[in-house]
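A quick write-up on the structure given underneath.
Whatever order the structure lists them in is the order used to number ligands and atoms, beginning at 1. A quick note: this is a predicted structure, and the numbers were derived from the prediction, not measured.
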Amino acid sequence: MISPIRWQGDRLLLLDQTLLPAQEVERPYTTWHDVAEAIRTLVVRGAPAIGVTAAFGVALAARASAARDADGLMAELEEAIKGLGATRPTAVNLFWALERMRRVALAHRHLPVAALGQRLLAEAQAMLDEDVAANRALGAHGATLVPERARILTHCNAAALATAGYGTAGGVIRAAHERGRLSLVWVDETRPVMQGSRLTAWEMVKEGIPHRLISDVAAAFVMKRGEVDLVVTGADRIAANGDTANKIGTYGLAVLARHHGIPFYIAAPVSTIDPSIPTGASIVIEERDPAEVRGVAGRQTAPAESPVFNPAFDVTPADLITVIITERGLYRPPYHFT
Ligand code: MRU
């Protein structure tokens, strides 16, 4: 199994996703500051993966602490939680994971500092294991929606690399493949950071899953030719009404799918649902470095002077989403998450 996040001995190991597919390098992390930087710079990315990674970041903060008492340690943990939370704004899994770590720390603040560090590490490991289990479960639910010899289009990377393992949209694809239902995966390259071509295609090759890479702009044509049976993507945050933030380009695919009469599915663990926001209108959309759009793979392809708009995510309205697939089962519109 592809494991992008692992604890080994006294350190966190992250598979550096900025180097894929050219190089497979695992990097060691022993401080929360470095973990935060890894999240910010996309060494690790994908909503569930950054949540689990941040949880290990909090555990690292506790393990490195020289605090003598509970108040001192809690102050350090709050600083780590704030710093880790300031890395990326859109995926709710990050804040969900940090809040869970805060609750565990508060509940066990009577423990000696070293013991609390161990307890927090165990919690982070539990979150990692639960994420893989959730993905297997949602994959199995999602596979029931996949027809025989299906041709599935996916966007970005919502597979093993974006999670603790197995994947969400990628989990549905894996589960369909394991059940012999899959004919082909259309992999959108996913400009500007190329998570589709660099990461999803890499996973498909590694696991022998039949796939074909397309530029994002080819999706409409492939649908028009009748070569897509369903679209499935992941999610970064799902509002109470089902509006869903995911990688930029997802909304366009949902519109295209509706036009062509193709089902459009979102696959995500319940930790991606944010019932505190009624609609997608209040989801903060991260804007990233203009250089990502002015160039491709480090090579400049636009004038340095050209102003750029580079939103990393968009919001797909709930009424374009046929089913939301979670580990608890399938949700159909109208969505009312509580
Ligand atoms: O900017 P990224 O690569 O973190 O964006 C990732 C996505 O948009 C994924 O589709 C989403 O996080 C779901 S991952 C299971």
Hey, are [Y] and [X] close enough side-chain-wise for a donor-acceptor pair under 3.5 Å?
X: T272; Y: N93; answer: yes
X: N157; Y: E203; answer: yes
X: D188; Y: T190; answer: no

Chi angles and distances behind the salt bridge (Lys or Arg N to Asp or Glu O under 4.0 Å) call for E227, R151: CA-CA 7 Å; E227 295 184 44; R151 295 145 315 162; 5.6 Å; no
Identify the closest protein heavy atom to [atom]: which residue and atom is it, and at what distance?
atom: atom 14 (S) of ligand 1; answer: A162 CB, 3.4 Å
atom: atom 13 (C) of ligand 1; answer: A235 O, 3.3 Å
atom: atom 15 (C) of ligand 1; answer: T168 OG1, 3.1 Å

Give the contacting part of [X] toward ligand 1: side chain, backbone, both or neither, where contact means a heavy-atom distance below 4.0 Å.
X: R88; answer: side chain
X: A158; answer: both
X: P48; answer: side chain
X: K247; answer: both
X: T272; answer: neither

Any atom of ligand 1 sitting under 4.0 Å from a heavy atom of A91? no
Would T233 count as a contact residue for ligand 1, given that I'm defining contact as a non-hydrogen atom of the residue lying under 4.0 Å from a ligand atom? no
Under 3.5 Å: N/O of [X] near N/O of ligand 1:
X: L42; result: no
X: N246; result: yes
X: A47; result: yes
X: R45; result: yes

Give the atom numbers and elements of ligand 1 that come within less than 4.0 Å of a heavy atom of [X].
X: T163; answer: 15 (C)
X: Q195; answer: 1 (O), 2 (P), 3 (O)
X: D236; answer: 7 (C), 8 (O), 9 (C), 11 (C), 12 (O)

side-chain contact (heavy atoms from CB on, under 4.5 Å), that's the test. Do E24 and K206 meet it? Break it down for me. CA-CA 12 Å; E24 292 177 35; K206 208 138 178 106; 3.1 Å; yes
Separation of S271 OG from M127 CE (nearest 0.5 Å):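 Those atoms lie 8.0 Å apart.
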Side-chain heavy atoms of T18 within contact of T41, under 4.5 Å: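 T18 does not reach T41 side chain to side chain.
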Are any non-hydrogen side-chain atoms of R258 and V255 less than 4.5 angstrom apart? no
Dump the intermediate steps for salt bridge (Lys or Arg N to Asp or Glu O under 4.0 Å) on R294 and E305, then the final yes or no. CA-CA 9 Å; R294 287 201 198 102; E305 300 79 9; over 6 Å; no
Listed pairs under 3.5 Å, donor-acceptor, residues 54-67 side chains, sequence neighbours left out:
unit_1, atom_1, unit_2, atom_2, d
R63, NH1, Q118, OE1, 2.6
S65, OG, A67, N, 2.9
S65, OG, E76, OE1, 2.9

Is the CZ atom of R179 crowded by more than 12 outside heavy atoms at less than 6.0 Å? yes
